[in-house]
*Asks:* 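Before we start, here is the structure in question, set down as structure tokens.
Note on naming: letters A, B, ... go to the chains in the order of the sequence lines (proteins, then strands), and numbering restarts at 1 for each one.
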2 protein chains.
Amino acid sequence: MLSIGDLSKRTGVKVPTIRYYEQMGLIEAAERSEGNQRRYERNDLERLAFIRHARDLGLDIPAIRELIALSQHPDQPCANADRIAADHLVAVREKIEKLKKLEHELERIISHCDGHSIEDCYVIRALSDHGLCEGEH
Amino acid sequence: MLSIGDLSKRTGVKVPTIRYYEQMGLIEAAERSEGNQRRYERNDLERLAFIRHARDLGLDIPAIRELIALSQHPDQPCANADRIAADHLVAVREKIEKLKKLEHELERIISHCDGHSIEDCYVIRALSDHGLCEGEH
DNA sequence: GATAATTCCTCCAGTGACTAGAGCTTCAAG
DNA sequence: CTTGAAGCTCTAGTCACTGGAGGAATTATC
């Protein structure tokens, strides 16, 4: 039996976050000690590690809730789980593309600036005047 | 003189967002009509375009506030403005790196799954068992 | 066994950058 | 002069936590 603090240390999920996940229904309400403190077992540890891992991959809570629900019907086809992951992959790729554009834009702005005065600062000027941008954004 | 709606159309910043920026002190409180409606001029348009552009680049409001303050001292050196942009560039690059790792991980998980049942689903298994991951994350 | 230090509990509020809605007033067009 | 769009303020909600207050339970030390 683990206390919430033990569970936190083992999974790297902060204590208030564990309580938050319980509130959100991602983990079941834990058993309590005589003094009303949460007590966890091995399967809670696994469940929480699953959630942690999914969050690290950037999945949001509704998606995780769905994956958990799916994982509880082991006999069903896993097309839905694949779809969740694939949709997320698309979103991740889109974010990467956007950020790459930003990266280039920032590089360009910074490299154009000669570092003298604000009056001539390319950073400030580029922000003021969208016409100085390359491409659309 | 522009109404808040006109300003919104011209800059692409939504009306409630303009009011929010005013509240946050990014734009000065506008003059008002007799009937208490905001009235804007050309320089408000420029200021708001500046903010919009900086937000599109992903700068947060404190950074934008700082850039605005800097832009009002045209005789000072622009090292600070450069630093803000450079710091942001570092943050953007870090985000890109993280997302690329996620991309690979998701690709790998999805490609391993044969699409049969949840029981064997690699998506679910990979999430449950961190040991199936490549590298650290 | 007493005490002290740590961990736990619940509840509430705050984060960032908006966004939405209620309920009311003003403006512009016909 | 009427009507409908657009404006006003104020409040609350979004997402996924995070932090603090104030108090109870547990664990460690003496």
Side-chain angles (χ1 to χ4, degrees), chain A residues 1-27 29-41 44 47-48 50-68 84 87-88 91-92 95 98 102, chain B residues 1-27 29-41 44 47-48 50-68 84 87-88 91-92 95 98 102:
Chain A
M1 294 297 250
L2 303 169
S3 72
I4 196 167
D6 297 333
L7 190 64
S8 170
K9 270 170 217 143
R10 296 236 205 157
T11 57
V13 178
K14 288 186 186 159
V15 169
T17 305
I18 297 174
R19 289 197 276 250
Y20 170 75
Y21 287 159
E22 180 183 310
Q23 221 186 315
M24 294 297 102
L26 291 189
I27 54 181
E31 289 174 51
R32 300 294 182 118
S33 73
E34 276 187 25
N36 197 35
Q37 300 194 356
R38 290 169 179 83
R39 294 291 173 247
Y40 296 93
E41 299 178 47
D44 297 309
R47 166 72 67 92
L48 190 55
F50 178 102
I51 295 167
R52 171 83 211 264
H53 196 172
R55 285 291 304 134
D56 283 349
L57 288 173
L59 292 163
D60 62 14
I61 285 179
I64 295 173
R65 223 194 302 268
E66 205 175 336
L67 285 173
I68 290 171
I84 290 171
D87 285 355
H88 186 56
V92 166
K95 261 190 203 159
K98 262 198 186 167
L102 293 190
Chain B
M1 295 297 249
L2 302 168
S3 71
I4 197 168
D6 297 333
L7 190 65
S8 170
K9 269 170 219 147
R10 295 236 206 159
T11 57
V13 179
K14 288 185 187 157
V15 169
T17 305
I18 297 173
R19 290 196 275 250
Y20 169 75
Y21 286 159
E22 180 183 310
Q23 219 186 315
M24 293 299 102
L26 291 189
I27 53 180
E31 290 175 48
R32 299 295 180 119
S33 71
E34 277 187 24
N36 197 35
Q37 300 194 356
R38 291 169 179 81
R39 294 292 172 245
Y40 296 94
E41 299 177 47
D44 296 309
R47 167 71 69 92
L48 190 56
F50 178 103
I51 294 167
R52 170 83 210 263
H53 196 172
R55 285 291 303 134
D56 283 348
L57 287 173
L59 293 163
D60 62 15
I61 284 178
I64 295 173
R65 224 194 301 270
E66 205 175 337
L67 286 174
I68 289 171
I84 291 171
D87 285 355
H88 185 57
V92 166
K95 261 190 205 160
K98 262 196 185 168
L102 292 190

*Asks:* Measure from CD on A:Q23 to C1' on C:dC12 and round the result to the nearest Å.
*Replies:* 11 Å
*Asks:* Looking at C:dT7, I'd like to know if its phosphate oxygens (OP1 or OP2) sit under 4.0 Å from a side-chain N or O belonging to A:S3.
*Replies:*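 A:S3 to C:dT7 OP1/OP2: no side-chain N or O under 4.0 Å.
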*Asks:* Answer yes or no: is there a donor N or O on one side and an acceptor on the other, between the side chain of A:R65 and the main chain of A:M24, under 3.5 Å?
*Replies:* yes
*Asks:* What is the separation between atom CZ on A:R39 and atom P on D:dT27, rounded to the nearest whole Å?
*Replies:* 6 Å
*Asks:* Using the closest heavy atom to pick a nucleotide of DNA chain C for each, name whichever of A:E22 or B:N36 lands nearer the 5' end.
*Replies:*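 Checking each residue's closest nucleotide, the 5'-ward one belongs to A:E22.
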*Asks:* Specify the separation, in whole Å, of atom CG of A:D6 and atom C1' of C:dC8.
*Replies:* 12 Å
*Asks:* Looking only at side-chain atoms of A:R55, point me to the closest of C:dA17, C:dC8, D:dC17.
*Replies:*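 Per side-chain heavy atoms of A:R55, the pick is D:dC17.
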*Asks:* For D:dA25, does either OP1 or OP2 sit under 4.0 Å from a side-chain N or O belonging to A:R38?
*Replies:*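 Answer is no, no contact under 4.0 Å.
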*Asks:* Looking at A:R52, I'd like to know whether one of its side-chain N or O atoms comes within less than 4.0 Å of OP1 or OP2 on D:dC17.
*Replies:*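 For D:dC17, neither OP1 nor OP2 has a side-chain N or O of A:R52 closer than 4.0 Å.
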*Asks:* In terms of the nearest nucleotide of DNA chain C, which residue is placed more toward the 5' end: A:Q37 or B:D60?
*Replies:* A:Q37
*Asks:* Taking only side-chain nitrogens and oxygens of A:Y21, does any of them come within less than 4.0 Å of OP1 or OP2 of D:dC17?
*Replies:*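 For D:dC17, OP1/OP2 do have a side-chain N/O of A:Y21 under 4.0 Å.
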*Asks:* Nearest whole Å is fine: how far is C:dC18 C1' from B:L26 CG?
*Replies:*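 Spelled out: CG on B:L26 to C1' on C:dC18 is 12 Å.
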*Asks:* Respond yes when some side-chain nitrogen or oxygen of B:T17 is under 4.0 Å from OP1 or OP2 of C:dT19, and no when none is.
*Replies:* yes
*Asks:* How many whole angstroms separate atom CG of A:L7 from atom C1' of C:dC9?
*Replies:* 16 Å
*Asks:* What is the distance, rounded to the nearest whole Å, between atom CD of B:E34 and atom P of D:dC8?
*Replies:* 15 Å
*Asks:* Taking the side chain from B:D87 and the backbone from B:I84, do they hold a donor-acceptor pair closer than 3.5 Å?
*Replies:* no
*Asks:* Rounded to the Å, how far apart are A:L2 CG and C:dC8 P?
*Replies:*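 It is 11 Å, rounded to the nearest whole Å.
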*Asks:* Please name the pair of heavy atoms, one in B:E22 and one in B:A30, separated by the smallest distance, quoted to 0.1 Å.
*Replies:* OE1-N, 3.9 Å
*Asks:* Has B:R19 got a side-chain N or O lying under 4.0 Å from the OP1 or OP2 atom of C:dC18?
*Replies:* no
*Asks:* The side chain of A:Y20 lies closest to which of these nucleotides: D:dA16, D:dT26, C:dT19?
*Replies:* D:dA16
*Asks:* For the side chain of A:I61, starting at C-beta, report the closest nucleotide among C:dT10, D:dC17, C:dC8.
*Replies:*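 That would be D:dC17.
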*Asks:* When you measure from the side chain of B:H88 to the backbone of B:A63, do you find a donor-acceptor pair of N or O atoms at a distance under 3.5 Å?
*Replies:* no
*Asks:* Over all heavy atoms of both residues, which pair between B:L59 and B:I64 is shortest? Give the atoms and the distance, please.
*Replies:* O-CD1, 3.8 Å
*Asks:* Rounded to whole angstrom units, what separation is found between the CD1 atom of B:I64 and the P atom of C:dG16?
*Replies:*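 Between P of C:dG16 and CD1 of B:I64: 13 Å.
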